[in-house]
Amino acid sequence: MTDPILNVVGLNKHFGGIRVTRELNISISRGAKEAIIGPNGAGKSTLFNLLTGYHRPESGTIVFEGNDITNWATHQIAHAGISRAFQISNIFTRLTVLENVRTAVHVRMGKAGNIFASAQRIGTTETEKILKRCHLVEKSSHIAGELAQGDKKKLELAIALAGKPRLLLLDEPTAGMSFEETRETMTLVDKLNDDLGLSVLFTEHDMAVVFNHAQRVSLLHRGEIIVEGTPEEVRRDEMAQRVYLGEHH
């Protein structure tokens, strides 16, 4: 196992009297593609919200690339190199595909309200690169709100990439997609992982996607990781079968 890019230790989060994560520990290897699975209400979205600063934990630590980011603000975490796509949509529906990506590039460059000519040029080059990488060049002048579901997902990925992340969090990347759109999206995720060495952590209900694309899988149940290992190890695990996989076969 290579050195972890992300290390989460003893994370606790309550909402009212309900414990959503309990002493949660998870470690993500640098450059890896890892999946978190589990029943609805297991705490997957809450974990992502904790990792991106939308929620603060009661206790525990989140260490990213050696820095304790536990109570950092969302923009500080994004700036540090963690981007999230899907579930929480970040598309400006009335702008074109190109304008969406360029805006995200400029925000990262801190030129949002103050675009100099040189920044405009740098931003344009980078925007074009991202559009190409996400197979959106031909759609660049389309209005984002009118895109098909699969293209919207590509645009969300492109916007996330504009933040130059080193860890990409994908919240159910294939939800509501056709078989073909699912295949295209996950092929793109694989490519980003291979070409850029981007670490990827994703949640997903579709077990075929999990077992075909994740290198490691963690099963979250009632706010705790109860099983982790390679897809094959998790698939064979009795506890995983009983708690979750039995109903997904």
Quiz item: Residues in side-chain contact (heavy atoms from CB on, under 4.5 Å) with Ile77, at least two apart?
Solution: Ile69, Trp72, Ile82
Self-check item: Distance in Å, Met186 CE paired with Lys33 NZ, rounded so as to fall on 0.5 Å steps
Solution: 7.0 Å
Practice problem: Indicate, with yes or no, if Val107 and Phe92 share a hydrophobic cluster defined by side-chain heavy-atom contacts under 4.5 Å among Ile, Leu, Val, Met, Phe, Trp and Tyr. | Solution: no
Quiz item: Checking Gln241 side chain against Arg235 main chain: does a donor-acceptor pair fall under 3.5 Å?
Solution: yes
Quiz item: In Å, rounded to the nearest 0.5 Å, how long is the span from CD of Glu224 to CG of Leu24?
Solution: 8.0 Å
Quiz item: For Thr96, which residues count as a side-chain contact (heavy atoms from CB on, under 4.5 Å) partner, sequence neighbours excluded?
Solution: Leu98, Glu99, Ile143
Exercise. Return the set of residues passing side-chain hydrogen bond (donor to acceptor under 3.5 Å, both in side chains) with Glu128 (not counting sequence neighbours), or none when no residue passes.
Key: none
Quiz item: Could you go step by step and tell me if Asn40 and His205 meet the side-chain hydrogen bond (donor to acceptor under 3.5 Å, both in side chains) rule?
Solution: CA-CA 9 Å; Asn40 284 330; His205 281 292; 3.2 Å; yes
Quiz item: CG of Leu169 to CG of Leu6: how many Å apart, nearest 0.5 Å?
Solution: 8.0 Å
Quiz item: Out of curiosity, does Ile36 fall in the hydrophobic cluster containing Val20 (side-chain heavy atoms, cut-off under 4.5 Å, transitive links)?
Solution: no
Self-check item: Atom pair CD1 (Ile62) and CG (Asn7), whose distance is rounded to the nearest 0.5 Å
Solution: 11.0 Å
Practice problem: May I have all residue pairs that pass side-chain hydrogen bond (donor to acceptor under 3.5 Å, both in side chains) and include part of residues 14-26, sequence neighbours excluded? | Solution: Asn12-Arg19, Asn12-Glu23
Quiz prompt | Within 6.0 angstrom of Glu58 CD, more than 12 heavy atoms from elsewhere | solution = yes
Self-check item: Single hit among Lys154, His135, Lys153 for side-chain hydrogen bond (donor to acceptor under 3.5 Å, both in side chains) with Glu184
Solution: Lys154
Quiz item: Where do Asn49 and Arg84 land on the side-chain contact (heavy atoms from CB on, under 4.5 Å) test, with the steps shown first?
Solution: CA-CA 9 Å; Asn49 284 332; Arg84 178 180 184 176; 2.7 Å; yes
Quiz item: Any luck finding a side-chain donor-acceptor pair between His142 and Asp151 under 3.5 Å?
Solution: no
Exercise. Output yes when a side-chain donor or acceptor of Glu204 lies under 3.5 Å from a complementary backbone atom of Asp206, and no otherwise.
Key: yes
Self-check item: Val189 side chain near Thr187 side chain, heavy-atom distance below 4.5 Å
Solution: no
Quiz item: How close do Ala160 and Ser83 get, heavy atom to heavy atom, and via which atoms?
Solution: O-OG, 3.1 Å
Quiz item: Any side-chain donor paired with an acceptor under 3.5 Å for Thr61 and Asp68?
Solution: no
Quiz item: So, are Arg108 and Glu126 salt-bridged, with charged N and O less than 4.0 Å apart?
Solution: yes
Self-check item: Donor-acceptor under 3.5 Å (Asn212 side chain, Ala208 main chain)
Solution: yes
Quiz item: Does the side chain of Leu161 come within less than 4.5 Å of Leu192's, by heavy atoms?
Solution: yes
Quiz item: Is there a donor-acceptor contact under 3.5 Å from the side chain of Glu228 to the main chain of Val217?
Solution: no
Exercise. For Asn193 and Leu198, indicate whether the former's side chain and the latter's backbone hold a donor-acceptor pair under 3.5 Å.
Key: yes
Quiz item: Any chain of hydrophobic side-chain contacts (each under 4.5 Å) joining Ile91 to Leu188?
Solution: yes
Exercise. Look at atom CZ of Arg56 and say whether more than 12 heavy atoms of other residues, nucleotides or ligands are closer to it than 6.0 Å.
Key: yes
Quiz item: Would a hydrophobic clustering, with Ile, Leu, Val, Met, Phe, Trp and Tyr connected at side-chain separations under 4.5 Å, put Val9 with Leu167?
Solution: no
Quiz item: If we only count heavy atoms from C-beta on, is the Ile26 to Leu11 side-chain gap below 4.5 Å?
Solution: no
Practice problem: Identify, with sequence neighbours excluded, every residue that meets ring pair (Phe, Tyr, Trp, His ring centres under 6.0 Å) alongside Phe15. | Solution: His55
Self-check item: Ser27 OG to Glu34 CD distance, which is reported to the nearest 0.5 Å
Solution: 7.5 Å
Exercise. Sequence neighbours left out, what passes side-chain hydrogen bond (donor to acceptor under 3.5 Å, both in side chains) with Glu65? Give chain and number order.
Key: Arg30, Arg166
Quiz item: Take atom CD in Glu232; do more than 12 heavy atoms of anything else shown fall under 6.0 Å from it?
Solution: yes
Exercise. Could you check if a side-chain atom of Leu219 sits within less than 4.5 angstrom of a side-chain atom of Ile225, using non-hydrogen atoms only?
Key: no
Quiz prompt | Hydrophobic cluster membership, Val227 vs Met207, 4.5 Å side-chain cutoff | solution = yes
Quiz item: How far does OG1 of Thr230 sit from CZ of Phe211, to the nearest 0.5 angstrom?
Solution: 9.5 Å
Quiz item: Okay, side chain of Glu181, backbone of Gly150: is any donor-acceptor separation there less than 3.5 Å?
Solution: yes
Quiz item: Is any side-chain heavy atom of Gln76 closer than 4.5 Å to a side-chain heavy atom of His79?
Solution: no
Self-check item: Ser140 side-chain N/O to Val137 backbone N/O, donor-acceptor pair under 3.5 Å
Solution: yes
Quiz item: Do Thr93 side-chain atoms and Ala144 backbone N/O form a donor-acceptor pair below 3.5 Å?
Solution: no
